[in-house]
Number of protein chains: 2
Amino acid sequence: MEQLPNMRLTTQRQIILEELGKVTSHPTANEVYDMVRKRLPRIGLGTVYRNLELMADSGIILKLEVGGTQKRFDATVAPHYHVRCTFCGKVDDIDIEVQNKINQIAETASDYMILGHHIEFSGMCPRCSEEKKATSLH
Amino acid sequence: MEQLPNMRLTTQRQIILEELGKVTSHPTANEVYDMVRKRLPRIGLGTVYRNLELMADSGIILKLEVGGTQKRFDATVAPHYHVRCTFCGKVDDIDIEVQNKINQIAETASDYMILGHHIEFSGMCPRCSEEKKATSLH
DNA sequence: TTGGTAAATGGGATATTGTTTCATTTAATA
DNA sequence: TATTAAATGAAACAATATCCCATTTACCAA
């Protein structure tokens, strides 16, 4: 596992990273906890939070603070955008070109030092679209 | 106050909206609660949350679910972007042109029905820049 | 202008999400 | 393999948000 100096390679960390890598669903900390607990039933929720934060800080994974109240995590660290279903809260990737130039534009328009950006689309996922169609039929 | 049918014009609602309109700082629900309590000391926190959500749902105000764990609210409903200071959490407006065309691009690239988007820049606010400069001097 | 009525409130309980503490365990390494 | 600091598990705690329900209040019809 890629890591920072003084960061030990524990079983817990390995398995958290492995499980996160298996899914594309941008799980919350609690969802990761559930996934990991199937393999390490005695792991603590604190350990999961601690490690997700640590790995996000060191750039091994991505922390998403998107719509909804919960943080979500993503094993794909390359810059990319997301879409969030307004109805069920599901988060998926949006595979379009990253708009690097808007950082410059934003920097000019503000007194912040701009370090990056994230685009979050909102929409309706296929599943919710289906359900809505079904409901409106009667 | 602009409102939905069956939505009563209560003192609490008016004052919440007035206080939110006074600031450009995108306050959290708790910050709004503090502001409003100066004029209505007996208002409940639940009332503040309830009304902010209600007003956001009806489009009177904007609910921001940006970085950080808390929801933030904005009296300006016209589409615009935000920047969040990675160091202190402050949120400000970024006054650049809204990229309407990327909704189409995103819709083509996914199986969601795209309804909108929001861009959140991350950066360092002037205040934190100053502080960092001061710290690194000795 | 009042009286009826459903919406809204206050305040506390509860739920949800995330963080901290500390005694114990464990990975790294000398 | 003994040492030691980092990491863990478990539970307490903190922060944020929602719910419940008896009481109050805005609105409307007469």
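Note that this is a predicted model, so its numbers are computed, not measured. Throughout, protein chains are lettered first and strands after them, A, B, ... in sequence-line order, and every chain is numbered starting at 1.
Nearest to the side chain of A:Glu53, among C:dT19, D:dT8, C:dA28, sits C:dT19.
The aromatic rings of A:His82 and A:His26 sit perpendicular, their planes meeting at an angle over 60°, well past the 30° parallel limit.
The stretch residues 29-51 of chain B touches DNA chain C through B:Arg42, B:Ile43, B:Gly44, B:Thr47, B:Arg50, B:Asn51, each having a heavy atom under 4.0 angstrom from the strand.
Nucleotide D:dA6 holds its C1' atom 12 Å from the CD atom of A:Gln12, rounded to whole Å. Taking atom CE on A:Met55 and atom C1' on D:dA6, their separation rounds to 16 Å, with Å as the unit. In this structure, CG of A:Leu64 is placed 16 Å from P of C:dT17, rounded to the nearest angstrom. The distance between atom NZ of B:Lys71 and atom C1' of D:dA17, rounded to the nearest whole Å, is 7 Å. Between the CG atom of A:Leu54 and the C1' atom of C:dG18 there is a distance of 15 Å, rounded to whole Å. As a whole-Å value, the separation of A:Leu52 CG from D:dA7 C1' is 15 Å. The nearest whole Å value for the distance from the CD atom in A:Gln70 to the P atom in D:dT18 is 11 Å.
A 4.5 Å side-chain heavy-atom check between A:Leu20 and A:Met55 finds every atom pair outside the cut-off. Two residues are said to be in side-chain contact when any heavy atoms from C-beta on lie closer than 4.5 Å; A:Phe87 and A:Cys125 fail this criterion. For the pair B:Asp93 and B:Thr24, the minimum side-chain heavy-atom distance is 4.5 Å or more. Between B:Val98 and B:Tyr81, the closest side-chain pair of non-hydrogen atoms falls below 4.5 Å. Proximity of B:Arg84 to B:Glu120: side-chain heavy atoms (C-beta onward) are separated by under 4.5 Å at one or more points.
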Under-3.5 Å N/O pairs linking protein and nucleotides 3-7 of chain C:
residue : atom : partner : partner atom : Å
C:dA6   : N3   : B:Arg8  : NH2          : 2.8
C:dA7   : O4'  : B:Arg8  : NH2          : 3.1
C:dA7   : O3'  : B:Asn6  : O            : 3.4
C:dA7   : N3   : B:Arg8  : NH1          : 2.9

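For D:dA6, the OP1/OP2 oxygens have no side-chain nitrogen or oxygen of A:Thr10 closer than 4.0 Å.
Between B:Lys22 and B:Glu18 no salt bridge is recorded (no basic side-chain N to carboxylate O distance below 4.0 Å).
Listed for the A:Glu19 side chain is no donor-acceptor partner under 3.5 Å among the backbone atoms of A:Leu17.
For the atom pair B:Thr76 OG1 and B:Leu62 CG, the distance stands at 8.5 Å (nearest 0.5 Å).
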